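Notes follow once the structure below has been shown.
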Amino acid sequence: MAARPPTDDLDDPDPVEFGIAALDAHLEEADLAFPATADEVTAALGDPAVPYEPAGTTVALSTVLERVDRERFESRQELLDATHPAFERLRERGGLLAWLRSLLA
């Protein structure tokens, strides 16, 4: 997922990466071979904080992997596909919490 921030100039801004797009960026830089377990993924990437919404709110990769229903990933794409629902739930919950906070403010 990526969202472009608002801009007034004509330059094409860089997209803001979050969710599986941000995780994929971490995977590109890691020395990780598949198949891999969740623990191996976390160790290879150093348990990075991964943004899960356009505002940049982050979650530890280990937390996301705890919310996935599998322990082993046969490929990079399988890892991204498996983590997508966890990132989506976090993003949706974050949006709901922000909305509730705005009501109380």
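Bear in mind the structure is a predicted one, so any value in this text is a computation, not a measurement.
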Without placing hydrogens or testing angles, list every side-chain donor-acceptor pair under 3.5 Å for residues 56-67, not counting sequence neighbours.
unit_1 : atom_1 : unit_2 : atom_2 : d
T57    : OG1    : E53    : OE2    : 2.4
S62    : OG     : D47    : OD1    : 3.2
S62    : OG     : D47    : OD2    : 2.9

Closest approach of [X] and [Y], non-hydrogen atoms and distance?
X   : Y   : answer
S75 : E78 : OG-N, 3.0 Å
A44 : L32 : CB-CD1, 3.8 Å
L23 : F87 : CD2-CE1, 4.1 Å
A49 : P51 : O-CD, 3.9 Å

Give the C-alpha distance, both sets of side-chain angles, the deciding distance and a yes or no for side-chain contact (heavy atoms from CB on, under 4.5 Å) between F18 and R91.
-> CA-CA 10 Å; F18 60 96; R91 187 184 58 77; 4.0 Å; yes
So which pairs with a foot in residues 22-34 pass salt bridge (charged side-chain N to carboxylate O under 4.0 Å, His left out), sequence neighbours left out?
->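 Matches after skipping sequence neighbours: D24-R76, E28-R76.
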If you round to the nearest 0.5 Å, how far is CZ of R93 from CD of E88?
->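 So the CD of E88 and the CZ of R93 are separated by 13.5 Å.
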For R72, all residues meeting side chain to side chain contact (heavy atoms under 4.5 Å, CB included), sequence neighbours excluded =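 P35, E74.
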A82: side chain to side chain contact (heavy atoms under 4.5 Å, CB included) partners, not counting sequence neighbours |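 Checked A82 against side chain to side chain contact (heavy atoms under 4.5 Å, CB included); matches are V68, R70, F73.
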Any donor-acceptor pair under 3.5 Å from E40 side chain to T37 backbone =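 Present.
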4.5 Å side-chain heavy-atom contact, L27 and L80 =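 The answer is yes; the side chains approach within 4.5 Å.
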